[in-house]
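Here is how names work: the chains are called A, B, and so on, in the same order as the sequence lines, proteins then strands, and each is numbered from 1.
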Amino acid sequence: MTATETPAASLAHYDFHRRPEDFVHWQLDVDGPIATLRMNVQEDRGLHDHYRLKLNSYDLGVDIELAAAYQHLRFEHPEVRCVVLTGNLDRVFCAGANIVMLRTSPHAFKVNFCKYTNETRLYIEDASDHSGLKTLAALNGTASGGGYELALAADRILLVDDRNSAVSLPELPLLGVLPGTGGLTRVVDKRMVRRDLADVFCTIAEGIKGKRAAKWDLVDGVAPLSKWDDAVSEAAKELVAASETPTGAEGVRLEPVAPRFDEEGIHYDLVDVAIDGAARTAAITLQLPDDVGPKSAADARAQGSGWWFFKLFRELDDALLHLRLEYLDIGTITLRVVGDPAVVTAVDALLADAADDWFVREVRLFVKRVLKRVDLTARSVFAIADEGTAFAGTFLELALAADRIYLLNDPDQPVSMGVTAMNGGPFPMSNGLTRLQTRFLGDPSRVDEILGEAGVLDAERADELGLATVAPDGIDWEDDIRIALEERASFSPDALTGLEANLRFAGPETLETKIFGRLSAWQNWIFQRPNAVGKRGALQCYGTPNRPELDFTRT
Amino acid sequence: MTAIDYESKIPNNVDLSSDRRLQRALEHWLPQYIDWWKEMGPTDFNNNDVYLRTAVSVDSDGWAQFGYVKMPEYRWGIFLADREKDRKIGFGDHLGEDAWQQVPGEYRNWLRRIIVTQADTEPASVEQQRMLAHTAPSLYDMRNLFQVNVEEGRHLWAMVYLLQTYFGKDGREEAEELLERRSGNPDHPRILGTFNEPITSWLDFFCFTMFTDRDGKFQLLSLAESGFDPLARTCRFMLTEEAHHMFVGQTGVGRIIERATQIMNEHPKDDPRKHGVIDLPTIQKYINFWSSSSNDLYGGEVSSNSANFFGSSLKGRAWEQKNYTEHTGLDQMKEVTVWQDGKLVTEQVPLRNAMNEVLREDYIEDNQKGVNYWNKILDKAGIEDFRFRLPHRRFNRNIGSFAGLHFDIDGNPMSASEWEARKDEWLPSEADKAYVHSLMQKCVEPGKFANWIAPPPKGINDQPIDFEYVRL
Ligand SMILES: [Fe+2]
Ligand SMILES: [Fe+2]
């Protein structure tokens with residue numbers, strides 16, 4: 001079945017904006033500077049009914065709520081300094097991603113599921129690094145697989161010592177795959193566990209308990225059951241004390257983003273996604289307002305999630321998630337930002353001037369996350385800078401995130417681009433560099449030159465500065481774009497994903513690039529191999545009466 | 001430290017005197033074990049002579065030698081049933097291969113887990129029962145309690161032998177942790193729930209040895225089939241001892257019933273409690289509690305672990321060779337009822353994934369025989385309006401599909417509030433427990449029995465009933 005034959009109404013749409021009062025799988029309690037987030041997965045309320053979420057195992061729906069919980073705290077409870085992440089079950093913290101869900105899901109979903117959960121873990125770490133919102137993983141029972149990987153995203157891990165509870169990464173011995181949520185990378189890169197001990201750890205399905213887990217640095221501390229509550233609250237207080245961010249700010253309510261779906265695509269107030277099923281293309285248009293609106297942090301905060309700038313990026317984020325998870329055969333995304341570049345320079349000035357305001361800071365961090373989401377979306381992305389568009393400042397980042405920038409260079413149809421302080425650092429990529437630095441890795445002086453051109457640029461100058469991939473004139477424009485899109489759509493989608501992931505992240509490796517790089521290279525490769533998903537592959541056999549039969553050839 | 005004289009101190013058939021590695025491991029572990037026994041065993045009776053059975057070899061005249069011994073000096077031995085020549089693996093994916101004399105690397109962790117889980121139950125029950133002797137209804141019963149205790153100690157030894165001999169450093173560490181966990185301790189409890197339940201009265205004790213030791217029997221039966229030969233042989237020998245524990249439980253409850261019926265017949269109009277015996281409905285409640293708690297020990301109804309353990313030829317079914325002709329367990333389904341989306345659903349589950357349920361069914365069938373035995377006592381006494389029964393397997397479960405839900409004694413679902421309102425009909429209430437405890441008074445004159453329990457028909461090892469089974 002092709003996309004054109006798929007009636008839009010038959011698509012299942014996920015809801016990425018659940019509020020804590022509607023959470024199914026988590027309980028969030030805020031008490032002054034400490035919030036407690038309890039995992040309480042409802043077995044029979046997974047997103048699909050071909051699996052049951054036993055033992056606090058999770059699916060996408062559980063993770064969507066987890067991400068929503070952190071977003072909620074960052075915006076609605078800026079007074080919270082520490083999240084205690086714990087579980088509601090006896091003797092089990094979390095059993096990781098649900099195996100039956102993974103086994104029975106199509107490959108594309110599996111990959112996007114892993115990507116989403118990885119983004120959530122990185123979001124937890126970002127909150128610690130930049131918002132002073134620390135996380136204490138209070139493992140009240142065994143944390144296995146993704147359960148331990150979730151704990152690894154925390155600033156500190158406390159494990160109950162009941163001579164029984166363990167941390168483990170059993171993926172290799174039990175399932176013949178790898179931990180897919182950054183587990184291996186975080187064990188050696190973040191916690192700096194010795195590689196040989198990590199090797200032993202990752203081959204023991206039942207994991208490592210209590211004191212040895214602490215000795216091997218797999219956890220930061222252990223506490224017996226009788227002292228558990230005290231140990232948790234003490235550790236949480238320590239994290240609160242170590243977090244310097246000022247307290248006393250009042251939160252801003254996040255209204256849910258409300259996408260409207262129809263045959264044409266996905267529609268929001270400021271963002272529109274036009275789906276062309278036959279061409280396997282989605283055209284995303286971002287509409288800037290006529291007026292910049294709030295001129296101070298206080299005004300912006302007063303508008304809260306209604307502030308157009310924030311709203312626009314929340315809508316874009318939502319659109320990307322729907323495209324990734326629901327429109328699997330849409331291979332190419334085109335991006336246009338429509339409006340007056342002066343509005344962008346004005347909003348960017350506010351972002352720069354009010355960087356100390358907690359709300360503006362959170363919005364900036366949120367935009368950083370959405371921009372990374374574009375970088376990490378496994379679809380070809382083309383920025384289309386034609387008449388009426390305004391790829392300037394923060395929105396220039398969207399063009400720089402694209403695989404190609406098509407710039408209309410025609411005096412009769414003037415196009416504006418522009419540079420602001422927002423291009424000089426606030427929105428780094430996963431590799432730790434700005435998009436300009438990554439683009440001009442071989443010529444760093446070019447970055448300074450471009451940043452020196454602060455203000456609005458015409459097409460000619462933008463092209464000279466290296467901001468366009470191709471800059472056709474009005475006569476060639478339409479044909480060039482059409483051919484580029486048709487050609488793109490004809491290539492192997494797998495090879496394109498690999499190509500783009502290779503080319504997008506030049507420069508240094510970071511924890512993030514390693515996590516995503518290894519996810520797409522190793523984990524996805526192993527997920528496809530007969531030893532995992534063949535008829536007698538380990539993942540396929542897990543939980544069934546059959547024992548795996550492995551092909552022992554090493555590559 | 002003086003070297004241990006292994007052959008005389010530790011009866012064994014594993015050639016301990018020439019096994020340097022095992023000697024070294026035991027040298028380290030033995031003092032810790034004795035310390036554990038002195039601290040967590042029936043502490044106050046360490047200096048009394050008890051008429052106990054000791055196994056000094058596996059042959060028919062050696063496995064049951066009787067004599068007086070102080071419990072800390074009991075000769076806990078290490079015995080494996082005789083090795084079967086050219087034994088082949090009898091089930092699972094390794095069906096027909098030579099039985100393993102060494103631990104196969106790929107199953108090492110699973111096997112260790114299985115052994116540790118079984119081993120943990122052995123010292124646990126000693127801990128659970130450590131204060132009971134103070135309220136023993138007779139010397140005969142006190143001696144039986146101690147016999148069960150020392151044999152559970154020996155079962156721990158048997159499992160520790162496997163850990164120390166076949167699992168290297170990990171095995172030695174696990175062996176030590178077996179002495180560190182404590183029944184009912186909030187910080188380091190025993191692994192399985194039932195083994196953390198307090199055993200505070202002799203009715204609890206008899207129900208425990210009837211129902212929970214019977215779980216031990218079925219676990220041992222399934223492990224006696226194991227492809228790992230040393231485990232299979234160890235379990236086969238343990239089964240001979242387990243039979244006595246269940247005898248203690250079944251006849252113990254039976255004697256309480258017998259005494260109750262005597263009073264009922266003598267005073268048909270009275271509440272039996274008025275005459276200091278335990279009324280039949282209260283006995284039924286204790287049966288309900290311990291049998292349902294023991295049902296949990298088999299694990300979830302549908303289980304990946306059970307499929308793994310069977311598939312990898314580590315844990316078979318009870319009487320796998322005797323009762324089944326097909327031993328792969330593949331391409332067969334089993335009907336299993338579980339709770340799904342708010343209702344009972346009967347589904348077809350691949351047999352290997354339902355092995356927990358298979359074992360639980362055999363167990364329940366075996367329990368029923370014990371219940372029938374008790375009902376015969378009622379028959380004999382001419383009591384017609386009461387019969388003992390087993391609760392439905394869904395009743396009072398904490399593990400598996402029915403955990404956290406509420407079912408009545410017949411397995412009908414009910415709400416939490418209904419359960420709260422009615423649970424005292426089925427489980428011992430605080431008042432029931434207080435009454436039973438009020439009866440627990442020491443009665444230790446040779447040949448005398450507490451009022452609430454009938455004497456047994458005969459003594460131990462052909463000794464008279466008024467024999468001095470424990471010298472106090
Ligand atoms: Fe035992
Ligand atoms: Fe026993």
Side-chain angles (χ1 to χ4, degrees), chain A residues 40 42-46 49 51-52 54-55 57 88-92 95 98-100 103 142 160-166 168 170 172-175 200 203-212 222-229 231 536 538-539 541-550 552, chain B residues 92-94 106-110 112-113 116-117 120 170 173-174 176-178 180-182 185-193 300 302-313 328-334 338-343 349-355 398-401 403-404:
Chain A
N40 185 30
Q42 301 300 298
E43 208 174 297
D44 47 4
R45 294 185 67 184
D49 49 15
Y51 54 81
R52 301 176 66 72
K54 291 188 178 163
L55 298 174
S57 60
N88 252 9
L89 290 183
D90 197 27
R91 293 187 178 209
V92 174
N98 186 274
I99 303 304
V100 180
R103 183 171 59 222
T142 291
V160 68
D161 183 9
D162 56 5
R163 315 287 161 109
N164 199 38
S165 295
S168 70
L172 184 143
L174 276 192
L175 308 170
V200 173
T203 55
I204 302 179
E206 67 194 62
I208 306 277
K209 288 179 282 194
K211 295 202 175 68
R212 182 181 289 172
V222 294
L225 269 170
S226 60
K227 302 199 180 91
W228 179 244
D229 292 341
R536 293 307 291 266
L539 183 64
C541 287
Y542 182 78
T544 74
N546 296 320
R547 304 266 317 124
E549 286 165 10
L550 302 180
F552 287 102
Chain B
D93 290 346
H94 299 280
E106 64 177 311
Y107 302 137
R108 186 175 190 275
N109 289 326
W110 282 348
R112 191 185 57 196
R113 184 94 215 132
V116 166
T117 307
D120 193 65
D170 292 359
E173 283 175 11
E174 292 284 6
E176 284 177 24
E177 282 184 39
L178 286 167
E180 286 170 14
R181 284 185 288 264
R182 290 282 185 276
N185 185 304
D187 286 342
H188 36 93
R190 292 292 169 186
I191 296 170
L192 301 169
V302 185
S303 156
S304 313
N305 272 346
S306 80
N308 287 338
F309 294 164
F310 189 91
S312 51
S313 306
T328 68
L330 284 171
D331 307 317
Q332 296 160 67
M333 305 301 268
K334 177 165 174 54
V338 294
W339 185 261
Q340 243 173 49
D341 306 318
K343 57 179 189 297
V349 173
L351 178 60
R352 282 186 176 185
N353 296 64
M355 286 301 180
N398 289 299
I399 303 274
S401 177

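- With a 4.5 angstrom heavy-atom cutoff, B:Glu106 touches chain A only via side-chain atoms.
- Using a 4.5 Å cut-off between heavy atoms, B:Glu173 contacts chain A through its side chain alone, with no backbone atom that close.
- Contacts between B:Asn308 and chain A at a heavy-atom distance below 4.5 Å involve backbone atoms as well as side-chain atoms.
- Neither the backbone nor the side chain of A:Leu55 comes within contact range of chain B, judged by heavy atoms closer than 4.5 Å.
- You'll find the side chain of A:Arg103 reaches within 4.5 Å of the side chain of A:Tyr542, heavy atoms only.
- With a threshold of 4.5 angstrom between heavy atoms, B:Arg190 approaches chain A through N, CA, C or O but not through any side-chain atom.
- Nearest approach of A:Lys227 to B:Asp187, heavy atoms of both residues: N-OD1, 4.5 Å.
- Of the atoms belonging to A:Asp90, not a single heavy atom falls under 4.5 Å from chain B.
- The minimum heavy-atom distance between A:Thr142 and A:Asn164, with the atom names listed, is OG1-O, 4.0 Å.
- Contact tally against chain A (heavy-atom pairs below 4.5 Å) for B:Ser312, B:Gly92, B:Ala354, B:Ala307: the top residue is B:Ser312.
- In terms of heavy-atom pairs under 4.5 Å with chain B, the best-connected choice from A:Lys209, A:Glu43, A:Lys54 is A:Lys209.
- Atom CZ of A:Arg45 is surrounded by 12 or fewer heavy atoms from other residues, nucleotides or ligands within 6.0 Å.
- No more than 12 heavy atoms of other residues, nucleotides or ligands shown are found within 6.0 angstrom of CG on A:Asp49.
- B:Arg112 touches chain A through its side chain: at least one heavy atom from C-beta onward sits under 4.5 Å away, while N, CA, C and O do not.
- Within the 4.5 angstrom heavy-atom criterion, only backbone atoms of A:Thr203 (N, CA, C, O) approach chain B.
- Contacts of B:Ile191 with chain A are made by both backbone and side-chain atoms, with heavy-atom separations under 4.5 Å.
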